[in-house]
Structures are given as structure tokens and as C-alpha cells.
Amino acid sequence: MDRNTDAIREELQRLRQQTEAQVTALDGDLRNLFEASRASNADDEHDPEGATIAFERAQLTAVLDAARRRLAELDVALHRVDDGSYGVCERCRRPIPAERLAARPSARTCVACANR
């Protein structure tokens, strides 16, 4: 394995660890929100002072789902590094530009194919 592949793997693993920590934290926040809403009998649906618990729960759930998808995408990217297909578009089989991989390390398609 060459140094470039090692560097890519290390960066993907770093991003994965960072995302996994984010998933863990968000999951804890969501659990805490559920616990707090169970313990409270407040009528937050009619509170003009701020966001409802339901809104906060929906927002937190959406962010958590996005983080879990990112984690899964990073796992696929690591697998692609292992099998030698990382950086190759899944559709057209051309190299994915380095700029795209820098912006989105888990990219599986080139820009042209992603726009289709």
C-alpha cells in the first residue's frame, strides 16, 4: 500500500471517529430531550416564547439521521480504499477529481455523474 492510500485511509478514519463521536453526542442529547419531555407536563405547543419540544425533537432527529448517513458513507469510502476503487466514479469509471474528494471524501461519483 502506498503512502497516498495510507494518508487517505487515515483521513477517512479521522473523519469517521469525529462523526461517530457526533452521533454518540446527538443520540445522548435526543435521549435527554425525550426524558425531559416525559418529566414535564408543560403545554409547549402553545408557548409563544420559543420552539416546541416536538420541533426540537424533530430537528435533533434530522441532524442525528444525517450524521448516521455520513458515518455509513465513510464506512463505504473506507471499504473502497481497501478494495482499490476509492476515487473512481461508480457510474462512468473515470477518476473523481481530487477537489471533489477534498470537499466530500465519501464521494462515489464524479461531478458530471452526480449531476445526472
Side-chain angles (χ1 to χ4, degrees):
M1 187 156 318
D2 65 13
R3 295 179 77 187
N4 190 36
T5 302
D6 287 341
I8 291 167
R9 176 178 284 107
E10 286 176 20
E11 177 63 9
L12 289 170
Q13 287 173 337
R14 185 189 67 76
L15 291 170
R16 189 189 186 290
Q17 289 172 344
Q18 190 177 50
T19 304
E20 190 171 37
Q22 181 184 25
V23 166
T24 300
L26 289 167
D27 191 49
D29 290 347
L30 188 59
R31 287 176 209 239
N32 291 338
L33 184 61
F34 278 121
E35 288 300 318
S37 66
R38 273 193 220 120
S40 172
N41 63 356
D43 181 14
D44 74 324
E45 295 298 323
H46 299 96
D47 182 2
E49 294 298 315
T52 66
I53 292 173
F55 174 79
E56 289 180 31
R57 186 172 47 230
Q59 189 175 27
L60 191 53
T61 299
V63 173
L64 177 58
D65 289 345
R68 285 180 174 151
R69 279 191 306 274
R70 180 168 165 79
L71 190 60
E73 290 171 357
L74 289 166
D75 285 340
V76 170
L78 282 163
H79 178 72
R80 289 172 56 88
V81 169
D82 290 340
D83 73 14
S85 64
Y86 183 81
V88 177
C89 179
E90 288 183 341
R91 290 189 181 162
C92 69
R93 300 290 179 215
R94 292 187 182 129
I96 299 172
E99 296 83 9
R100 176 160 170 77
L101 291 172
R104 186 172 177 177
S106 61
R108 294 162 47 174
T109 57
C110 64
V111 175
C113 289
N115 287 331
R116 289 185 204 166

Which atom names give the shortest non-hydrogen contact between [X] and [Y], and what distance separates them?
X	Y	answer
Ala67	Thr19	O-CG2, 3.4 Å
Asp29	Leu60	C-CD2, 3.6 Å
Arg9	Val81	NH2-CG1, 3.5 Å
Leu33	Glu56	CD2-C, 3.8 Å
Ala102	Pro105	O-CD, 4.2 Å

Residues passing the side-chain contact (heavy atoms from CB on, under 4.5 Å) test with Leu101, sequence neighbours excluded, are Tyr86, Ile96, Ala107
side-chain contact (heavy atoms from CB on, under 4.5 Å) filter on Gln18, not counting sequence neighbours, yields Arg14, Leu15
With a 3.5 Å cut-off and sequence neighbours excluded, list the donor-acceptor pairs that the side chains of residues 109-116 form with protein atoms.
residue, atom, partner, partner atom, Å
Asn115, ND2, Val111, O, 3.3

Sequence neighbours left out, what passes salt bridge (Lys or Arg N to Asp or Glu O under 4.0 Å) with [X]? Give chain and number order.
X	result
Arg68	Asp27
Arg100	none
Arg80	Glu90
Arg91	none

Indicate, with yes or no, if Leu26 and Phe34 share a hydrophobic cluster defined by side-chain heavy-atom contacts under 4.5 Å among Ile, Leu, Val, Met, Phe, Trp and Tyr. yes
Only counting residues at least two apart or in another chain, list the ones meeting side-chain hydrogen bond (donor to acceptor under 3.5 Å, both in side chains) with [X].
X	answer
Arg104	none
Ser85	Asp83
Gln17	none
Asp75	Arg16

To the nearest 0.5 Å, atom CD of Gln13 lies from atom CD1 of Ile8 at 12.0 Å
